[in-house]
Amino acid sequence: MNRTFLLAISLAAVTTVAAAGPIEDQIRFRQSAYSFISWNTGKIKKQVVDQPATYNKEQVIAAANAIAAVANSGLGALYGAGTDQGTGWKPTQLKPEFFKQPDEARRLAIEFNTAANDLARIAQGGDLAAIKAQFGKLSETCKGCHNSFRQRD
Amino acid sequence: MSAVPAETAIAADAARASKVSARTVQVWDLPVRLFHWTLVLSIAAAYVTAEFGGSNWADWHGRIGAFVLALLVFRLIWGFIGTPTARFRNFFPTPSRLVAYLRGRWQGRGHNPLGALSVIALLALVAAQVATGLYANDDIAFAGPLSASVGKSTSDALTGWHEQIFYVLAGFIGLHVLAIIFYLLVRRSNLVTPMITGSKVAVNTESAATTKHLGWRFVAAVAIAATASWLVFRAPAASHAEVAVPAAATADW
């Protein structure tokens with residue numbers, strides 16, 4: 001009886017950990033992903049928009065490639081059921097609506113992926129005006145999803 | 001000598017007549033009107049550039065913020081050196097003025113005490129929007145000019161305030177417009193035309209003391225306002241996210 005009790009406790013502990021772990025991990029990984037993207041959009045913003053005199057073609061290509069790589073890494077896997085609640089590095093800002101409108105979420109995600117891939121391609125050309133225009137489009141896809149599925153601060 | 005009393009009487013009569021007959025008087029000087037309508041356009045443009053578009057629009061949102069800061073500084077200065085109806089001293093809604101107005105005993109030109117409350121609230125809310133906006137970020141590629149001086153979490157919190165205060169501001173703007181409609185339909189008083197032409201039809205035509213050197217005062221106020229805004233916004237919008245990478249100072253891996 002004592003052993004049964006202990007077994008029950010440890011099983012409960014295991015299942016709790018198993019349930020909490022992945023959700024917290026998913027949230028933490030995706031927060032990290034967007035944080036890393038933000039480092040790279042920041043560099044492009046600086047070199048292409050704010051201070052074009054500092055433009056460094058190789059660095060902008062590297063930044064655009066990094067964004068595209070994260071976008072193409074299968075971020076959708078980090079949006080498992082229940083991840084609209086929980087804390088990664090900080091509490092998630094994902095709205096429950098995300099799971100009620102999967103088609104819209106998918107459309108916005110693909111829009112972002114396409115814009116990121118286009119930016120990586122256009123960055124290779126080294127045309128500042130074209131990069132700036134595409135960077136603007138990419139940021140619109142960020143905003144589109146934020147407006148729909150991200151809780152405001 | 002015999003003509004003098006007659007002339008005096010005529011003058012007195014004319015003065016009396018002009019007081020009872022409807023005539024136009026100046027209510028708002030040109031700088032006040034310019035301030036009002038450019039602020040209207042700026043707030044509309046700020047809303048559009050915040051709500052829609054990408055990072056290039058966000059940059060315009062920031063520039064509009066700089067312009068609104070200049071407008072506010074200008075209005076503050078003009079509240080001390082403008083024409084009488086523009087001066088805070090003359091319309092600041094003190095309790096005694098509010099009581100007098102609510103009892104129908106208020107006589108004056110310009111903002112009535114209740115309207116003055118609304119003016120002060122609107123100016124304070126716009127100032128709060130500029131202040132919080134300076135420290136805000138959009139988590140994409142925009143950061144207010146002073147956001148780097150506070151931590152990311154503070155910037156995020158102030159961004160939240162910036163978004164919330166907007167709704168309060170929008171509510172007050174709605175109230176402002178409703179009040180104008182109320183005055184038009186119920187009180188039969190058109191408040192919009194005077195804000196465009198500067199003058200209104202008035203029974204009380206006692207001319208206000210003229211303000212000298214209005215043009216120079218305007219130029220001085222604009223210069224100070226523009227300089228103040230420039231000093232605040234010239235800080236490069238370097239955010240936590242925008243760590244510049246000087247090629248020479250960076251590891252080659």
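The structure displayed is predicted, hence computed values, not measured ones. In what follows, every chain begins at residue 1, and chains take the letters A, B, ... in the order their sequences are listed.
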Determine the sole option in A:Lys143, A:Arg150, A:His146 for which the side-chain hydrogen bond (donor to acceptor under 3.5 Å, both in side chains) test with B:Asp139 is passed. A:Arg150

Please flag which part of B:Asp138 lies under 4.5 Å from any non-hydrogen atom of chain A: side chain, backbone, both or neither. backbone

Among B:Ala50, B:Ala58, B:Ser153, B:Ala157, single out the residue with the greatest number of heavy-atom pairs under 4.5 Å to chain A. B:Ala50

Indicate the atoms forming the closest heavy-atom contact of A:Ser139 with B:Ile140, along with that distance. CB-CG2, 3.6 Å

At their closest point, which heavy atom of B:Ser55 faces which heavy atom of A:Gly136, and how far apart are they? OG-CA, 4.0 Å

Looking at A:Glu97, I want to see if its CD is surrounded by more than 12 non-hydrogen atoms of other residues, nucleotides or ligands under 6.0 Å. yes

B:Lys152 side, atom NZ; A:Ser38 side, atom OG - distance, nearest 0.5 Å: 6.5 Å

If I measure from the heavy atoms of chain B, does A:Tyr34 come under 4.5 Å with its side chain, its backbone, both, or neither? neither

Against chain A, residues from residues 32-43 of chain B with at least one heavy atom under 4.5 Å, in numeric order, are none

Heavy-atom neighbours of A:Lys137 NZ exceed 12 at 6.0 Å: no

Quick one: pull up CG in B:Asp156 and NZ in A:Lys90 and give me the separation to the nearest 0.5 Å. 5.0 Å

Within 6.0 Å of CZ in B:Phe172, more than 12 heavy atoms from elsewhere: no

Measure the spacing between CZ of B:Phe142 and OG1 of A:Thr41 and express it to the nearest 0.5 Å. 13.5 Å

Is the number of heavy atoms from other residues, nucleotides or ligands under 6.0 Å of B:Arg63 CZ greater than 12? yes

